[in-house]
Amino acid sequence: MEEKYAVLKNLQNKFGEKIKNIFWKNERRIYLEVELTDLPAVAQFLFFNQGLRFATASGIDTRQAIEILYHFSDDKTGKIITVRIYLRDKNKPEVASLAPYFKAAEWIEREIHEMLGVNFIGHPNLSHLLLRSDWPEGNCPLRQDKNHE
Amino acid sequence: MSENPRKETVIPVGPYHPLQEEPEFFRLHVDGEKVTKLDIEIGYNHRGIEKISESRHFDQVTFLVERICGICSTSHPFAYVNAMEDLAQIEIPERAKYIRTVIGEMERIHSHLLWLGLAGHFIGYNTVWMWSWKYREPVLDILEKITGNRQHYAMFKIGGVRRDIKKEDIPEIQQRMDELVPGLDLFARAVEDDPVIQARTRGVGILTKDDVINYCALGPTARASGLDIDVRRDDPYAAYPLIDWKVIVLEDGDVYAKILVRVWEMYESVKIIKQCLKVLEKISGPIEIEVKNIPPGEGIGRHEAPRGEVFHYVRSDGTNRPVRHKIRAPSYMNVFTNEKSVPGGTISDALITLGAVDPCYCCTERVQVVRNNNLEHFLENDLLKLSVEKTNNLRKHLTKNG
């Protein structure tokens with residue numbers, strides 16, 4: 001099934017070694033990893049060139065890093081390609097924003113910003129989305145390493 | 001302010017309204033009657049469910065996510081069990097697949113009828129409101145009969161469903177479904193033939209296909225703008241690939257198209273339910289399999305809720321609780337499209353346009369208009385009155401002209 005999936009093949013042809021750790025959880029769920037610097041190009045390729053829909057992004061705080069998973073849905077085949085990045089500097093997590101390219105990323109990046117303290121460089125408006133506007137700075141509810149009140 | 005007579009007027013809409021499913025706050029920037037810009041503020045209803053989920057075991061989470069929404073209360077458990085079954089690679093019994101599909105579609109019918117009623121109410125058709133809620137009642141009765149509850153059915157569990165649909169109940173459900181069809185015909189005819197409904201909704205709040213793609217809108221909002229997506233068909237689960245039905249897609253992208261998509265989808269739902277019941281009459285067998293352990297790993301589950309795709313991502317580390325549970329409801333993507341569909345229209349059309357994506361019924365607790373330094377306070381009913389007046393004027397105008 002791996003060879004037959006055109007979107008992934010195109011992605012590998014275009015980016016080669018930059019697409020790492022491809023993992024087929026099952027026929028319709030594909031996970032892969034890219035470096036921070038490659039994310040905008042990969043995301044734009046999937047969204048504009050291959051016509052995938054941006055479903056959402058999940059931010060996860062783990063021991064080693066903050067992980068962000070960008071889920072792209074291919075509605076023609078029912079597959080989901082999940083692009084994984086690791087923000088290893090947990091004191092200053094930063095990554096380029098995808099909101100300038102497609103609007104759908106705008107709200108979820110605001111949410112990950114307030115929940116996990118990730119700075120999305122180039123985001124048009126990183127104000128609070130779900131938390132109230134006077135929420136204390138630096139108190140990120142989904143971070144595991146802080147004591148919350 | 002008096003030096004600049006064309007200074008922008010801002011009308012706040014929301015955040016609280018007793019009719020509203022969820023509080024949201026819209027700031028309408030208007031120039032005269034025209035809306036020029038819309039700011040959306042959400043977060044009034046943030047309950048931290050993703051965080052709570054990390055402290056519940058996998059079976060409890062099913063009940064937790066059921067509480068996310070009161071209208072489509074089965075959508076989130078549906079997507080969640082799909083995610084867990086993806087994570088643990090579980091294949092559920094055939095009978096459970098059909099029961100899940102019946103519950104999912106019943107919910108679509110009652111949710112669409114609820115929306116249709118509110119849409120009618122907001123353009124001044126209170127009869128539509130009452131009739132559609134009347135037809136919604138039997139659907140809720142059936143759900144109560146099957147599950148014990150009108151809402152929050154608690155039917156889903158990882159590995160199957162919790163209650164069976166009894167064979168002796170099936171004829172009654174079939175009959176109630178048949179009785180629903182004339183009601184749907186009534187609405188379809190009303191929407192297709194009534195010149196006033198057409199005048200109020202045609203060409204109003206248009207969302208182009210490009211906007212839908214850019215904002216990644218979902219469900220009827222996307223399908224009314226010509227984007228042919230439906231998770232039930234695209235990423236099949238439960239019994240959807242086993243039966244015959246079709247996805248409704250229209251091109252216009254206005255409020256009218258959104259109404260029609262929903263009305264026609266209800267016919268499809270009735271079709272799906274009747275086919276499922278036929279199969280349920282014939283097959284027997286278990287309705288669940290026992291799931292003892294959830295292995296470490298990741299799972300993604302989706303379900304086409306009445307409003308669009310619900311997306312759940314779950315990560316497990318081998319313990320009995322999720323490490324991370326990401327939930328994305330369809331309204332998260334759809335509400336944002338109001339930024340495109342409301343500006344350009346008039347204030348009196350704003351209500352129905354905001355309402356057309358279905359989460360947010362113009363949560364107008366109090367409307368405040370700043371005009372030439374004088375603060376005018378409008379109550380929620382005044383904005384409704386504006387909308388109803390427009391319908392009445394149109395009606396008079398149309399009768400006068402034959």
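In what follows, every chain begins at residue 1, and chains take the letters A, B, ... in the order their sequences are listed.
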Ring-plane angle category for [X] and [Y], please: parallel below 30°, perpendicular beyond 60°, tilted otherwise.
X      : Y      : value
A:F120 : A:H123 : tilted
B:H76  : B:H312 : tilted
A:H71  : B:F311 : tilted

### Message
So if I apply the ring pair (Phe, Tyr, Trp, His ring centres under 6.0 Å) rule between A:F102 and each of A:Y70, A:W107, A:F54, which one comes out positive?
### Response
A:F54

Mind ranking [options] by heavy-atom pairs under 4.5 Å with chain A and telling me who comes out on top?
options                : value
B:E298, B:E339, B:H46  : B:E298
B:V323, B:D234, B:I213 : B:D234
B:I327, B:V231, B:L87  : B:L87

Interface moiety of [X] toward chain B, non-hydrogen atoms closer than 4.5 Å:
X      : answer
A:T77  : backbone
A:E114 : neither
A:L69  : side chain
A:A57  : backbone
A:F47  : side chain
A:L129 : both

### Query
Distance from A:I66 atom CD1 to A:K90 atom NZ, nearest 0.5 Å?
6.0 Å

### Query
Quick one: CG on A:L32 to NZ on A:K18, what's the gap to the nearest 0.5 Å?
14.5 Å

Proximal component of [X], with respect to chain A [non-hydrogen, under 4.5 Å]:
X      : answer
B:Y313 : side chain
B:L218 : side chain
B:D228 : neither
B:E41  : neither
B:Y215 : both
B:I300 : both
B:R233 : neither

### Query
Given B:R315 and B:D317, is the salt bridge (Lys or Arg N to Asp or Glu O under 4.0 Å) satisfied, shown in steps?
CA-CA 7 Å; B:R315 179 183 290 186; B:D317 61 353; over 6 Å; no

### Task
Evaluate the side-chain proximity of B:Y80 to B:H325: yes if any heavy-atom separation is below 4.5 Å, no if none is.
yes

### Task
Evaluate the side-chain proximity of B:R321 to B:E54: yes if any heavy-atom separation is below 4.5 Å, no if none is.
no

### Task
Grab the two heavy atoms, one from B:I229 and one from B:A217, that are nearest each other, plus how far apart they are.
CD1-O, 3.9 Å

### Query
Between A:W135 and A:N139, which heavy-atom pair has the shortest distance, and what is it?
NE1-O, 2.8 Å

### Query
Highest number of heavy-atom pairs under 4.5 Å with chain B: which of A:K76, A:E106, A:E111, A:H128?
A:E111

